[in-house]
Amino acid sequence: MSAARSRPTDDKVAQDRDGRVDPASDRPEPEVVDSFEGTATKGAERLHRSWRALLTTGFFGGLEIGLGILAYLAVLHATGDHLLAGVAFGIGFVALYLAHSELFTEGFLLPVMAIFAGRGTFLQLLRLWGVTLLTNLVGGWVFMWLVVQAFPEFTEVLTDSARHFVDAPLDLRAVALSLLGGFVITVLTRMQEGTDSDGVKVVAAFAAGFLLAGLSLFHSVLDSIIIFGAIHAGAAVGYGEWLAWFWYVVPLNLLGGLVFVTALRLVRASELPEVPGPDAGTRPGKDGRRR
């Protein structure tokens, strides 16, 4: 390479022979910009939904994740294999994706990115989380009543599955299972936002279902719906036991998704000139000029 040509020095800057920095070398990668803008836009749409939209998407989210639980119970009843049943559970995530419904734990990434971009408020986030969690549980409760009436033979697997959660003591293992549950579901959202291929998104849904249900990770909505099914079936499980498990799983799911996935995405996005922050005036814009 001739001395007159620009030479790459490392992954941070590229200088010519006079030591001048190529403006393009200090710009964020286009895919990072596109990813941030896409997630912020989708997150803002969720934050600004009407009450009617929030109620319906959350309720249908509970019903549709119930489809995955129904598939999980059917396979577990027939084979006794939790891992195979976990793969079947992925049907629920596929239904959520194709029907554009809302699952509480899906809100750990997109709406937070929208707030970071200045396109929503914390109160809107709390409204989204609170309404979605409540309506997910109501939808799942209704769906499991139907499942128990239609398939009484699932009572044993429902009881065993529910007792796995409500009998768990609040110890380090329970904390880890809850953190992993929040992590997996948030990674699923991140993976599906990272591709335009419907086929890849479906594969990601089955992969996340395998991990969540197949390994019996603690997930506040999914596992609550299973517990509701056991209660409907007359198992020796009560709402008090459910609440004693539920109260700590929700914040730990939040922590697992927000800290291990969303926070790292925010760190990556903080270098973008489009986002607010203390360095917004010194970072290069799309034209290469510093603001």
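Numbers here are sequence positions counted from 1. Only heavy atoms go into these numbers, but all of them, side chains included; no hydrogens, no water, no symmetry mates.
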With clusters defined by side-chain heavy atoms of hydrophobic residues (ILVMFWY) lying less than 4.5 Å apart, directly or transitively, does [Y] cluster with [X]?
{"X": "L126", "Y": "W247", "result": "yes"}
{"X": "L170", "Y": "L172", "result": "no"}
{"X": "V148", "Y": "L146", "result": "no"}
{"X": "V203", "Y": "M191", "result": "no"}
{"X": "W51", "Y": "L125", "result": "yes"}

(message) Using the rule given for side chain to side chain contact (heavy atoms under 4.5 Å, CB included), can you reason through T57 versus H100, listing the C-alpha separation, both sets of side-chain angles and the distance that settles it, and then say yes or no?
(response) CA-CA 8 Å; T57 56; H100 302 286; over 6 Å; no
(message) For residues 79-96, which residue pairs pass the side chain to side chain donor-acceptor pair (under 3.5 Å) check, not counting sequence neighbours?
(response) Y72-H82
(request) Keeping to residues at least two apart or across chains, list the side chain to side chain donor-acceptor pair (under 3.5 Å) pairs with something in residues 201-227. (result) T105-H219, S220-N253, S224-W242
Point-to-point distance, once rounded to the nearest 0.5 Å, from [atom1] of [X] to [atom2] of [Y]:
{"X": "L109", "Y": "I185", "atom1": "CG", "atom2": "CD1", "result": "11.5 Å"}
{"X": "M113", "Y": "T39", "atom1": "CE", "atom2": "OG1", "result": "4.0 Å"}
{"X": "F89", "Y": "L70", "atom1": "CZ", "atom2": "CG", "result": "11.5 Å"}
{"X": "F93", "Y": "L98", "atom1": "CZ", "atom2": "CG", "result": "13.5 Å"}
{"X": "L258", "Y": "F183", "atom1": "CG", "atom2": "CZ", "result": "13.0 Å"}
{"X": "R265", "Y": "T189", "atom1": "CZ", "atom2": "OG1", "result": "12.5 Å"}

By side-chain contact (heavy atoms from CB on, under 4.5 Å), which residues pair with [X], not counting sequence neighbours?
{"X": "A44", "value": "H48, A114, R119"}
{"X": "L63", "value": "F59, F60, F143"}
{"X": "A99", "value": "E64, S101"}
{"X": "E153", "value": "H77, F151"}

Is the backbone of [Y] close enough, under 3.5 Å, to the side chain of [X] for a donor and an acceptor to pair up by distance?
{"X": "T56", "Y": "A53", "result": "yes"}
{"X": "Q124", "Y": "T121", "result": "yes"}
{"X": "T135", "Y": "T132", "result": "yes"}
{"X": "N136", "Y": "V221", "result": "no"}
{"X": "T155", "Y": "P152", "result": "yes"}

(request) Go through T159 and F154 one step at a time and tell me if the side chain to side chain contact (heavy atoms under 4.5 Å, CB included) criterion holds. (result) CA-CA 9 Å; T159 302; F154 291 168; over 6 Å; no
Contact check, side chains of [X] and [Y], non-hydrogen atoms, under 4.5 Å:
{"X": "D160", "Y": "H164", "value": "no"}
{"X": "L222", "Y": "L103", "value": "no"}
{"X": "L211", "Y": "F206", "value": "no"}

If you link I, L, V, M, F, W and Y whenever their side-chain heavy atoms are under 4.5 Å apart, who else ends up in the same group as [X]?
{"X": "V200", "value": "none"}
{"X": "L84", "value": "V75"}
{"X": "L264", "value": "none"}

(message) Before you tell me yes or no, could you show the steps for E45 and T41 under side chain to side chain contact (heavy atoms under 4.5 Å, CB included), namely the whole-Å CA-CA distance, both residues' side-chain angles and the distance that decides it to 0.1 Å?
(response) CA-CA 6 Å; E45 291 172 353; T41 297; 4.0 Å; yes
Where is the tightest heavy-atom contact between [X] and [Y], given as atom of each residue plus distance?
{"X": "L76", "Y": "S161", "result": "CD2-OG, 3.9 Å"}
{"X": "A71", "Y": "I91", "result": "CB-CD1, 3.8 Å"}
{"X": "L252", "Y": "L179", "result": "O-CD2, 3.4 Å"}
{"X": "L83", "Y": "G214", "result": "CD2-O, 3.7 Å"}
{"X": "T262", "Y": "F108", "result": "OG1-O, 2.5 Å"}

(request) Report the relative orientation of the aromatic rings in F218 and Y248; use parallel for angles under 30°, tilted for 30 to 60°, perpendicular for over 60°. (result)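 Correct class here is tilted.
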(message) Among residues at least two apart in sequence or on other chains, which ones pass salt bridge (charged side-chain N to carboxylate O under 4.0 Å, His left out) with R163?
(response)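 For R163, the residues satisfying salt bridge (charged side-chain N to carboxylate O under 4.0 Å, His left out) (neighbours in sequence not counted) are D167, E241.
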(request) Report the residues that fulfil salt bridge (charged side-chain N to carboxylate O under 4.0 Å, His left out) with D196, sequence neighbours left out, ordered by chain and then residue number. (result)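 Checked D196 against salt bridge (charged side-chain N to carboxylate O under 4.0 Å, His left out); zero matches.
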What pairs of donor and acceptor atoms, side-chain ones from residues 230-239 against any protein atom, are under 3.5 angstrom apart with sequence neighbours left out?
residue, atom, partner, partner atom, Å
H232, NE2, W141, O, 3.1
Y239, OH, W141, NE1, 2.8

(message) For W145, is the CH2 atom crowded, meaning more than 12 foreign heavy atoms sit under 6.0 Å from it?
(response)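 No, not enclosed.
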(request) Evaluate the criterion side chain to side chain contact (heavy atoms under 4.5 Å, CB included) for residue pair I227 and W245; output intermediate values, then yes/no. (result) CA-CA 10 Å; I227 296 170; W245 171 87; 4.1 Å; yes
